[in-house]
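Within every chain, numbering begins at 1; the chains are lettered A, B, ... in the order of the sequence lines, protein sequences first and strands thereafter.
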Number of protein chains: 2
Amino acid sequence: MSSAQERRPGRPARLSRDAIVGVAERIVTAEGVAALTIRRVATELDSSPMAIYRHVRDKGELLALLLDRAAARVARPRLPASPRRRLLTLWRLLHDQLAEQPWVVEALARSDLMGSSIVWLLEAILAAFVACGLTPSQSLDAYRAVWRYTVGTLTLRHGAIRTPEGQRKPSFRREVLAAADPHSAPTVAGLAESWDRPWPDYESGLTALLDGLLAHA
Amino acid sequence: MSSAQERRPGRPARLSRDAIVGVAERIVTAEGVAALTIRRVATELDSSPMAIYRHVRDKGELLALLLDRAAARVARPRLPASPRRRLLTLWRLLHDQLAEQPWVVEALARSDLMGSSIVWLLEAILAAFVACGLTPSQSLDAYRAVWRYTVGTLTLRHGAIRTPEGQRKPSFRREVLAAADPHSAPTVAGLAESWDRPWPDYESGLTALLDGLLAHA
DNA sequence: ACCTGAACACCGTTCAAGT
DNA sequence: ACCTGAACACCGTTCAAGT
């Protein structure tokens, strides 16, 4: 029966890429991306830091693998018939899923979107753009425009989260309001009270962007 | 004559916040944000690392100060009469200026935009939105939507730059194309050749977004 | 083939002490 | 008031050696 097994020479592996990504995911979910270090992963697996490098090229690759896992978890939703509403649903899905894991932002800048696990989502978005009247080529550009908006939203939200609760950056608001004398900057001064209010949600900007992108269809 | 000087007790300062930000700026421009460390700044000023902390709270504040300097360098342009074209000019100005310093992206996520040095730009943008028919409140939301798009654009461009020249992430493209069988993902498969082409420029997405935002005016 | 130990060349930040 | 020295508690990564 052992002849059926693929026998490979040398010392058998105790670690695996999967196990490594698994603990990395746990660390990052529980304590944020700052807590993710190669040494920490190694300790958690009762191995030396260097053993990790046998399975993962460097920390950047580990981050990319993590991102891929997050993407793989996005479940296929039931989609509305109207292509425009389909776009709204799909993008909100992607946004919400990524927003749940704030650490992804760190990985986003490094990785050109994500792995093959969400081709279905990419396909659905591109097909919906086409169904709205764009050419495939225009659809790709439109996809990238909305992707920029999405990454920006996540980046800024993440920054806000990361800032410590108590002292959430009074510097900017105060400086701006101090410098905004009503003569040279009346609009800014007039909005003084409004800076504190919550940012518009993802969807409102998305709607505007889609309106603009689809107008030329 | 020394009585005219403001005499302060204690040892006179050798370092200054300005000098610190100055060398930080030089480091970051020449070698990127990764090269910026408190210790490095201290060495460059022939002081101990700890002396820096007398003038700057922590590394995050140093980054924010750097961002403010970059913002302060944005020169007031001659503006077109049409408010819509004014918006295009202003946003492109902001984008181009920030794109020149790729390290800003790191700072952006931490800092709620920037300091008082560009209130004039903020004012000009908000006023132009108002001139386009939005209420001040809507203008603030519109401003934030475009800011998201801008930050996303910078983040993604920065990531592309940071990726080493030779091996610019074949993983995603290849994986996607491999997984994109023409039956389940025809649109993705059809665009296979197009993934390599350059991203749309900042302005095209900006135009679409402004179209959408101003449509409800 | 896989893993370990020891080392290299760093970090940010705190604390107590000097001038 | 401002700066220094020494230390704490870490990093990612390389190299040569062990099993």
Side-chain angles (χ1 to χ4, degrees), chain A residues 2 5-24 27-28 30-66 103 106-107 109-111 162-164 167, chain B residues 2 5-24 27-28 30-66 103 106-107 109-111 162-164 167:
Chain A
S2 85
Q5 307 271 37
E6 286 254 18
R7 276 324 229 108
R8 289 202 296 166
R11 184 171 172 173
R14 200 170 59 72
L15 267 38
S16 74
R17 207 171 154 115
D18 231 57
I20 288 165
V21 180
V23 318
I27 291 168
V28 120
E31 301 171 50
V33 75
L36 179 66
T37 67
I38 297 283
R39 295 175 112 102
R40 171 76 184 278
V41 172
T43 310
E44 218 112 315
L45 286 165
D46 290 315
S47 81
S48 79
M50 267 319 294
I52 306 299
Y53 287 92
R54 193 67 38 189
H55 302 268
V56 159
R57 185 149 44 103
D58 57 15
K59 201 183 166 180
E61 184 172 278
L62 184 53
L63 230 35
L65 290 169
L66 231 39
W103 56 266
E106 213 97 338
R110 277 167 186 80
S111 166
R162 189 160 40 179
T163 311
Q167 182 102 324
Chain B
S2 83
Q5 308 269 35
E6 286 256 18
R7 280 321 230 105
R8 290 201 296 167
R11 183 171 171 172
R14 202 169 58 73
L15 267 40
S16 73
R17 208 169 153 117
D18 230 58
I20 289 165
V21 180
V23 318
I27 292 168
V28 120
E31 301 172 50
V33 75
L36 180 66
T37 68
I38 296 283
R39 295 175 112 101
R40 172 76 185 279
V41 171
T43 310
E44 218 111 315
L45 286 166
D46 292 314
S47 82
S48 80
M50 268 319 295
I52 306 299
Y53 286 91
R54 193 68 36 188
H55 302 268
V56 159
R57 186 148 43 103
D58 56 17
K59 200 183 166 179
E61 184 172 279
L62 184 53
L63 230 37
L65 291 169
L66 233 38
W103 56 266
E106 212 100 336
R110 278 166 185 82
S111 165
R162 189 159 41 179
T163 311
Q167 181 102 325

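Across all their heavy atoms, A51(A) and S47(A) have their closest contact at CB-OG, 3.9 Å. The two residues R14(A) and L45(A) make their nearest non-hydrogen contact at NH1-O, 3.7 Å. Across all their heavy atoms, R57(B) and E61(B) have their closest contact at N-OE2, 3.1 Å. Nearest heavy atoms, R40(A) versus I27(A): CG-CD1, 3.5 Å. Taking each heavy atom of L66(B) and A24(B) in turn, the nearest pair found is CD1-CB, 3.9 Å. Closest of all the heavy-atom pairs between D58(A) and Y53(A) is CA-CE2, 4.2 Å.
Relative to the side chain of R14(A), the nucleotides dC3(D), dG12(D), dC3(C) differ in distance, and dC3(C) lies closest. Checked against dG12(C), dC3(C), dC3(D), the side chain of L15(B) finds its nearest nucleotide in dC3(D). The nucleotide whose nearest atom lies closest to any side-chain atom of A13(B) is, among dT13(D), dC3(C), dC2(D), dC2(D).
The CD1-P distance, from I20(B) to dC2(D), rounds to 12 Å in whole Å. Straight-line distance from the CZ atom of R57(B) to the C1' atom of dG12(C): 15 Å, rounded to whole Å. Separating the CG atom of L63(A) from the P atom of dG12(D) is a distance of 11 Å, rounded to the nearest angstrom. As rounded to whole Å, 16 Å separates atom P of dC2(D) from atom CG of L45(B).
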Is there a side chain to side chain contact (heavy atoms under 4.5 Å, CB included) between V33(A) and L63(A) once you walk through the steps?
CA-CA 9 Å; V33(A) 75; L63(A) 230 35; 4.0 Å; yes
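Checking P12(B) against Y53(A), the closest nucleotide of DNA chain D that is more toward the 5' end is the one next to P12(B). DNA chain C is contacted by both P49(B) and S47(A); S47(A) maps to the nucleotide lying nearer its 5′ end (nearest heavy atom per residue).
Residue H55(B) places none of its side-chain N or O atoms closer than 4.0 Å to OP1 or OP2 of dC2(D).
Atom CD of E44(B) and atom CZ of R39(B) lie 15.0 Å apart (nearest 0.5 Å).
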Tabulate atom names and distances for all N/O pairs under 3.5 angstrom spanning the protein and nucleotides 9-11 of chain C.
residue: dC11(C); atom: OP1; partner: T37(B); partner atom: OG1; Å: 3.3

Where do N or O atoms of nucleotides 15-19 of chain D meet protein N or O atoms at under 3.5 Å, pair by pair?
residue: dG18(D); atom: N2; partner: R11(A); partner atom: NH1; Å: 2.8

Taking only Watson-Crick and G-U wobble pairs with both distances under 3.5 Å, what dot-bracket line describes DNA chain C, where [ ] shows pairs that cross earlier ones and | shows pairs with another strand?
||.|||||...|||||.||
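Screening L62(B), L15(B), D18(B), V21(B) for a side chain to side chain contact (heavy atoms under 4.5 Å, CB included) with H55(B), the sole residue that qualifies is L15(B).
Nucleotides dA9(D) and dC10(C) place their C1' atoms 13 Å apart, quoted to the nearest Å.
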